[in-house]
Amino acid sequence: MILVDQLRNATVAALKHLFPDTEIPGSLITVNQTKPEFTGDYTIVLFPFLKLLRQKPDALGTLLGDHLVNNSGLVVSYEIVSGFLNLTIRESYWTAFLLNHFNDRNYGEKSCRDERVMIEYSSPNTNKPLHFGHLRNNFLGFAMANILHANGKQVVKANLVNDRGIHICKSMVAWLHFANGATPADTGIKGDHLVGDYYVRFNDAYKTQISELVAQGMEETAAEREAPIMKEAQDMLRRWEAGDPEVRTLWETMNGWVYKGFEETYRRLGIDFDKMYYESNTYLLGKSIVEKGLKKSILFKKEDGSVWIDLTGDGLDQKLLLRGDGTSVYMTQDLGTAVLKYNDYKLARSVYVIADEQNYHMQVLKLILQKLGEPCADGIYHLSYGMVELPTGKMKSREGTVVDADDMMDEMIRLSQQQTEEAGKTEGFSDEELQKLYETIGLGALKFYLLRVDPKKKMIFDPKESIDLHGFTATFIQYAHARICSILRKENIPLLPGKEHFQTFVQTQPLAAPEKDLVRELEQYPQILESAADDYNPSLLCNYTFRLAQLFNSFYDQHSIAHAENEEKKLLRLMIIVMAARTMRHAMQLLGIRLPEKM
RNA sequence: GGUCCGGUAGCUCAGUUGGAUAGAGCAUCAGCCUUCUAAGCUGAGGGUCCUUGGUUCGAAUCCAAGCCGGAUCACCA
C-alpha cells in the first residue's frame with residue numbers, strides 16, 4: 001500500500017480512537033503532498049472535521065499529530081499551519097522503500113488476471129493508408145491495452161477491419177479505369193498508398209463528371225446521383241455482395257496489397273493485435289438479434305417493413321435497425337459484432353477506441369443492447385478521443401489534405417537525426433546503432449506528443465511546426481534515462497542491478513531535499529498506474545514520467561552521484577537513480593516508447 | 001433546436017473525491033559547461049481560471065443561467 005493510503009488509514013484509526021463517539025466518514029480525509037514552501041511531506045486538511053468534532057484547528061491538529069507520531073510508525077514530526085496538519089515522514093520509511101522494492105521490477109503492477117477485457121482499436125478502412133489522426137487511435141489503444149494488463153486484466157487486443165463497402169469499391173473502380181494494371185510490386189509504391197491514390201483518383205473523376213453534368217444543365221444533386229463512375233461503384237458493391245468471382249478476386253488482391261502495407265506500418269509503430277475481425281465477415285450479423293428484439297416487442301416495425309427502436313424515453317431519437325428491404329445498417333452489424341466478441345471471449349469489459357464524433361452512436365449501441373438484455377451490454381465502454389485536426393480544419397482523405405502516418409514517421413526520424421548531428425552526439429555509435437537511435441527518438445517523440453494530452457480533448461497539429469524534441473517530450477525523458485545509464489556504466493553497475501550491488505547500504509541516513517523529492521515521487525507510482533487504467537488516460541503516465549525526469553535532472557545538477565560525500569551517500573543515490581530509471585522504463589514501455597541507454 | 005464535450009499565461013497543456021500565494025513546456029529575457037551527457041539546470045516577466053449569480057470556513061473544481069467553440073441528432077460507415 002502506498003504511503004498516502006497508509007496515512008489515510010492511520011488518520012481514520014486515530015480519529016476513531018480520539019473521538020470514539022463521532023463517526024467520521026473516510027471520504028472527508030484528504031491527504032495532499034505538502035507544498036514546497038512548508039516543511040513536511042504530506043498534509044492532512046483539518047477543516048472538514050472541525051465542526052463535526054467541535055474542535056479548533058490547533059487543538060485538533062495537536063491531538064491528531066501527537067497520535068500519529070506515537071502510533072502510526074510513519075510520522076516523525078508535524079507542524080500545524082492555519083488548519084493544515086503538515087506531517088514529516090520518518091527517514092527510514094524512504095530508505096526502507098528503496099530496499100523493499102529494489103528487486104521488484106514490476107512495482108505498481110497487479111497480477112490478479114481476474115477479468116478479461118477486449119480493447120478494439122485502429123480499425124482502419126482498406127481504401128487508404130493510415131493518417132496522423134489514426135496514429136492517436138493506435139497509440140491510445142496500444143497504450144491502454146498495456147496499462148490494463150499492468151493493472152491485472154487479461155487483455156485481448158482486437159482490430160476490426162473495415163474491408164468492404166462503397167468506399168472500397170471506389171478505389172477498385174478507379175484502379176480498373178486508371179491504373180493500367182499497376183501493382184505495388186512493379187511501381188514500388190507501398191500497397192496501402194497505391195490503393196489510397198486510386199481512392200483520391202476516384203473522387204477527382206467523380207467531381208469532374210458532376211461538373212460536366214451540371215454544365216449540361218443537370219441539377220447538382222441529380223448529377224451526384226447520376227455520375228457514371230459512382231453508378232459503377234454502386235454496381236460493383238452489388239456484385240461484391242452477390243459474390244461475383246471477378247469482383248471478389250480484385251477485392252482480395254487489392255485488400256492484400258493494403259494489408260501488406262498496414263503490416264509494415266504497424267510494425268514500425270510497434271503495435272500489434274491478438275485478434276482480427278473483418279467486416280466482410282461480420283456485416284451480416286445482428287439480424288437475428290433484431291428478430292429477437294421484435295419478438296420481445298422491444299423493437300417495432302414500420303409500414304414499409306423497416307425496424308426501429310424508440311429511444312425517446314431516454315432523451316434520444318428513434319433509431320433505424322433494419323432497412324425496409326431487410327438489409328442491415330451500421331448499427332445492425334455493430335450489435336452483432338458486440339455479441340460476437342462477447343461470445344468469443346466471455347468479456348467482462350469491451351473497450352472501443354473510437355473518435356468522439358461517434359459518441360452518439362456508441363451511446364445508442366450500448367443502450368440498445370441493454371434494452372435487449374444482452375449480457376455484453378454493460379461491459380461496453382467507449383474510449384472516446386478528440387480528433388486530430390489541422391489548422392485549416394479536419395483532415396479529409398478524399399481531398400488529399402491528410403498528414404500521412406508513414407510520412408510522419410519518416411519526418412520524425414529525419415528530425416531526430418538532424419538534431420542529434422547538430423548536437424554532435426553521434427560519436428561512439430555504429431551506423432546501425434545510430435539508425436536505431438533516430439528511430440527511438442523520433443517515434444518516441446511522436447508517440448509522446450499524441451499521448452501526453454487528455455484523450456478526450458481534440459488537438460490541432462500544424463505540419464509546418466515540427467514536433468519539438470525539448471521540454472515536455474519523450475526526448476527529455478530519454479535523455480534523463482541515458483544520463484542515468486551513463487553513470488551506471490561508469491560505476492560498472494548493470495542497468496537493472498539487484499540488491500546485492502548495494503550491500504553496504506546504510507538505512508539510517510537522512511535524505512537531502514532533492515533526493516527525497518525523487519523518492520517520494522517514485523513511491524507514488526502504483527497510484528498513477530491505477531489511475532491511468534481507471535480513467536482510461538495514458539497521459540497521466542506522460543505527466544508523471546516527465547515529473548520524474550525533471551526531478552532527476554534537478555537532482556543531478558545539484559549533487560554529484562559518483563563523487564558523493566561518502567560511500568553510503570553514493571550507494572543511496574545510486575539506488576535512487578536506478579529506481580528512477582526503472583520506473584521511467586516501466587511507464588514508457590507501457591506507452592510503447594523505448595528509452596535508449598546512450599544518446 | 002435537443003444531447004454531449006471543451007473554454008486556465010502570447011501558444012500547447014497540467015491542475016487527483018472542493019484546500020495553503022493557480023502550475024509545467026514552448027516562446028521572450030538574464031545567468032550556468034576544466035567536475036557523473038548543457039537534448040540539461042537556475043532565475044525573471046507573463047493570469048478577470050469565458051461571464052454573472054449561488055452553495056461554504058474555503059471554488060479553476062460543485063450548482064444555475066448565459067456567452068463562445070466543436071461533435072452529433074442519415075434507410076452513410
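The basis for the numbers below is simple: all heavy atoms, side chains too, and nothing from hydrogens, waters or symmetry mates. Note on naming: letters A, B, ... go to the chains in the order of the sequence lines (proteins, then strands), and numbering restarts at 1 for each one.
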Indicate the ring-plane relationship of A:Y556 and A:F552, choosing parallel, tilted or perpendicular according to the 30° and 60° boundaries.
tilted

Please figure out whether A:R323 or A:G315 has its closest RNA chain B nucleotide nearer the 5' end.
A:G315

Check: A:W240 ring centre within less than 6.0 Å of A:Y283 ring centre:
yes

Looking at the side chain of A:F47, which of B:rA20, B:rC57, B:rA14 is the nearest nucleotide?
B:rC57

Which part of the nucleic acid, if any, lies within contact of A:E279, taking any heavy atom under 4.0 Å across all strands shown: a base, the sugar-phosphate backbone alone, or nothing?
sugar-phosphate

Taking atom CG of A:L437 and atom OG of A:S416, what is their separation to the nearest 0.5 Å?
7.0 Å

Reading nucleotides 24-37 of chain B from the 5' end, what letters show protein touch, with B for base, S for backbone sugar-phosphate only, - for no heavy atom under 4.0 Å?
SSS---------BB

Considering Watson-Crick and G-U wobble pairs with both distances under 3.5 Å, what does B:rC26 pair with?
B:rG10

Within a strict 4.5 Å, meaning less than it, do heavy atoms of the A:M408 and A:I467 side chains meet?
yes

Atom pairs, protein N/O to nucleotides 4-10 of chain B N/O, distance under 3.5 Å:
| residue | atom | partner | partner atom | Å |
| --- | --- | --- | --- | --- |
| B:rG7 | OP1 | A:K457 | NZ | 3.3 |

Does A:T43 contact B:rA20 through a side-chain donor or acceptor facing the base, at a distance under 3.5 Å?
yes

Output the single nucleotide from B:rU72, B:rC13, B:rG19 whose closest atom is nearest the side chain of A:P48.
B:rG19

With a 4.0 Å cut-off on heavy atoms, is A:V45 in touch with a base, just the backbone sugar-phosphate, or nothing at all?
base

Just checking A:L50: base, sugar-phosphate only, or nothing, at a heavy-atom cut-off of under 4.0 Å?
nothing

Given RNA chain B, 5'-ward residue of the pair A:F38 and A:S539, judged by closest heavy atom
A:S539

Among A:Y352, A:Y121, A:Y381, ring-ring contact (aromatic ring centres under 6.0 Å, His included) partner for A:Y536:
A:Y381

What orientation do A:Y449 and A:F461 show, parallel under 30°, tilted 30 to 60°, or perpendicular over 60°?
perpendicular

Short side-chain N/O contact from A:S554 to OP1 or OP2 of B:rU42, under 4.0 Å
yes

Scanning all shown strands, the Watson-Crick or wobble mate of B:rC36 with both distances under 3.5 Å is none

